[in-house]
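Report on one structure; see the data block that follows.
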Protein chains: 2
Amino acid sequence: MTKSRVVNLDELRAHCQKCSLYRLCMPMGLEQGDLERLDRIIHRRRPVEKGEYLYRLGDPFQSVYALRAGSLKTFTTNHEGHEQIIGFHLPGELLGLDAIAGRVHVTSAKALETVSVCELPFERLEELSLQIPGLQRHLLSLMSEELQHEHCHLAVLARAPVESRLASFLCQLSDRFRARGYSATDFNLSMSRNDIANLLGMAVETISRLFSQFQDQGLLQVERKHVLIRDLPALQALANRCNPDIRGESALNRQEN
Amino acid sequence: MTKSRVVNLDELRAHCQKCSLYRLCMPMGLEQGDLERLDRIIHRRRPVEKGEYLYRLGDPFQSVYALRAGSLKTFTTNHEGHEQIIGFHLPGELLGLDAIAGRVHVTSAKALETVSVCELPFERLEELSLQIPGLQRHLLSLMSEELQHEHCHLAVLARAPVESRLASFLCQLSDRFRARGYSATDFNLSMSRNDIANLLGMAVETISRLFSQFQDQGLLQVERKHVLIRDLPALQALANRCNPDIRGESALNRQEN
DNA sequence: TCGCTGGTTTGATCCAGATCAAAGATCGGC
DNA sequence: GCCGATCTTTGATCTGGATCAAACCAGCGA
């Protein structure tokens, strides 16, 4: 009880201006006035407890959600009831953008731990984006980033051997933690082995074996949810077998000298 | 020569107002004036011949492209030079949206046959989107659709057995041809078996065997590039093993009576 | 027209990783 | 603090689809 009251007070206090995450979920260089206008359309929802849904596949689309604290997974469900995880989400990320086109949610979002979110009614966000150029650009950028990210995920699923898949997953998590000011090498996994396996298109047993293998090779230490990366470069080398090589292929196709 | 002059004349004539595709690539219900403003920022580029690039991974991002005729593939290249196809694109689609965030192309786009495109300088498109609400919404919708589509692709790659993958690919093509007013059951593949295999994360040999198998089962007829679908429902049944089930899971989770 | 090249098919073999099975850990509820 | 449920690990086996090998075929430039 006391706890829930504290959370609520926190939420009331959590205006964009004070929020440590706004540089992740909202555009840089917004004027004070714009930030306030933005802040005014945002609802702070009560926390979503572990295992609860923020939204479900098929729900009408009203809002996008900025994740303030906690983490969650998004997934689709096919007609046989099989769940396919699309991604895990960390504070500062915007959820639900894939529902804009059809005005209906095409994924479900389930909390992996207690989650608090800011709800942004999409109609109002759209109006505001017409008035604040930086906001429009930011929305487009966020979606573009999401597309890029899914491209990488596609490449991993299409080709990569299992070691690269897990390495890629861990490196990506590491990057995202770093970007949020947390340790890039020492963190906790909020998702189960099962969820990781699902995301990466492999069997739980394989995940488990790979964690052991990586540990034996001195790449990392795992104990239950806790991961300590010991050799990030080596892990990145494994991962890079998939990621696109932007500077790359110079030797092959771009020799201009 | 004569031919190229004809093409150029065609292009000059090809304003949005006259273009049979604008309802695909551009927003519905735009006023005449808005359509003209839009039309004014568009460059018609000379055709891109088969095998040529519209843009390459690493190129600075200036414009998005609306495909007018022909088809192309987008792919990334990893640091070992392996190509991973992200998708095939048909007339009416907008390309390059994934480069907005980083201002650099993260995929390459290569023509599968002679292609003509409208080039939309992104800065101007962005400005215009601030002035034409329908345009902003349309851009967001297009990206949202692209996200949705990639979710399906992820699900296919993560789980689906090879038959479902190919069935899913064919059904999707079929839908897209239908949406463009072409036959949904009788069409030509502009991409090689190799490209299909790459997209679907499998070996060419497997694609070839599956085409034979589907033909033996009476699902379709293939001869070289030409496909005639004989039993679309059966093909869809195979494919649906992956696609998200929006109305679905009602029996399990939504019993409210 | 011929012969080369790259795409496609078909067959035989092999292996990465799934599946099956079962024993530990952990955790939440009472 | 106990107990069942759930998650994780480890080992043994099996198999879908990759890989290897080779014939085949269409298109095209000389």
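None of the values given here were measured: they were computed from a predicted structure. Order of the sequence lines fixes the chain letters, A, B, ..., with proteins taken first and strands second; residue numbering starts at 1 for each chain. Only this structure's heavy atoms are used, side chains among them; waters, hydrogens and symmetry mates stay out.
Rounded to whole Å, atom C1' of dG17(C) lies 12 Å from atom CZ of R159(B). At whole-Å resolution of the value, NE2 in H226(B) and C1' in dA26(D) are 17 Å apart. Rounded to whole Å, the distance from CD on Q215(B) to P on dT8(C) is 15 Å. Atoms CG (L210(B)) and P (dA18(D)) sit 9 Å apart, rounded to a whole Å. Note: CG (N198(B)) to C1' (dT8(C)) measures 17 Å, nearest angstrom. Separating the CG atom of L157(B) from the P atom of dG17(D) is a distance of 13 Å, rounded to the nearest angstrom.
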N/O to N/O distances under 3.5 Å, protein versus nucleotides 6-13 of chain D:
| from | atom 1 | to | atom 2 | distance (Å) |
| --- | --- | --- | --- | --- |
| dT8(D) | OP2 | R193(A) | N | 2.9 |
| dT9(D) | OP1 | R193(A) | NH2 | 3.3 |
| dT9(D) | OP2 | R193(A) | NE | 2.9 |
| dT9(D) | OP2 | S208(A) | OG | 3.1 |
| dT9(D) | O5' | S208(A) | OG | 3.0 |
| dT10(D) | OP2 | S212(A) | OG | 2.6 |
| dG11(D) | N7 | R209(A) | NH1 | 2.8 |
| dG11(D) | O6 | R209(A) | NH2 | 3.4 |
| dA12(D) | N6 | R209(A) | NH2 | 3.4 |

I'd like a list of close polar pairs between nucleotides 13-15 of chain C and the protein, N/O only, cut-off under 3.5 Å.
none

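Inter-residue side-chain proximity for L199(B) and F169(B) is flagged as met; some heavy-atom pair is nearer than 4.5 Å.
Contacts classified as ring-ring contact (aromatic ring centres under 6.0 Å, His included) and involving residues 178-212 of chain A (residues at least two apart or in different chains) are given here: F177(A)-F187(A). Residue pairs meeting the salt bridge (charged side-chain N to carboxylate O under 4.0 Å, His left out) criterion with at least one member in residues 146-156 of chain B, sequence neighbours excluded, do not occur. Annotation: side chain to side chain donor-acceptor pair (under 3.5 Å) contacts involving residues 207-221 of chain B, sequence neighbours excluded, comprise Q221(B)-R230(B).
Terminal axes of the helix from dT1(C)-dA30(D) to dC30(C)-dG1(D) (five pairs each, C1' rotation axis) are separated by 50°, to the nearest 10°.
For the pair E223(A) and M202(A), nearest-nucleotide mapping onto DNA chain C gives the more 5' position to M202(A).
Between the side chains of H151(B) and Q84(A), no donor N or O sits under 3.5 Å from an acceptor N or O. No hydrogens or angles considered: a donor-acceptor pair under 3.5 Å links the side chains of R159(B) and H82(A). A side-chain donor-acceptor contact under 3.5 Å links S190(B) and S71(B).
How far CG of L238(B) is from CG of L210(B): 9.5 Å, rounded to the nearest 0.5 Å. In this structure, CZ on R165(B) lies 9.5 Å from CD1 on I207(B), to the nearest 0.5 angstrom. In this structure, CG on L112(B) lies 6.0 Å from CG on D195(B), to the nearest 0.5 angstrom. Note that the CG atom of L220(B) and the OG atom of S174(B) stand 11.0 Å from one another [nearest 0.5 Å].
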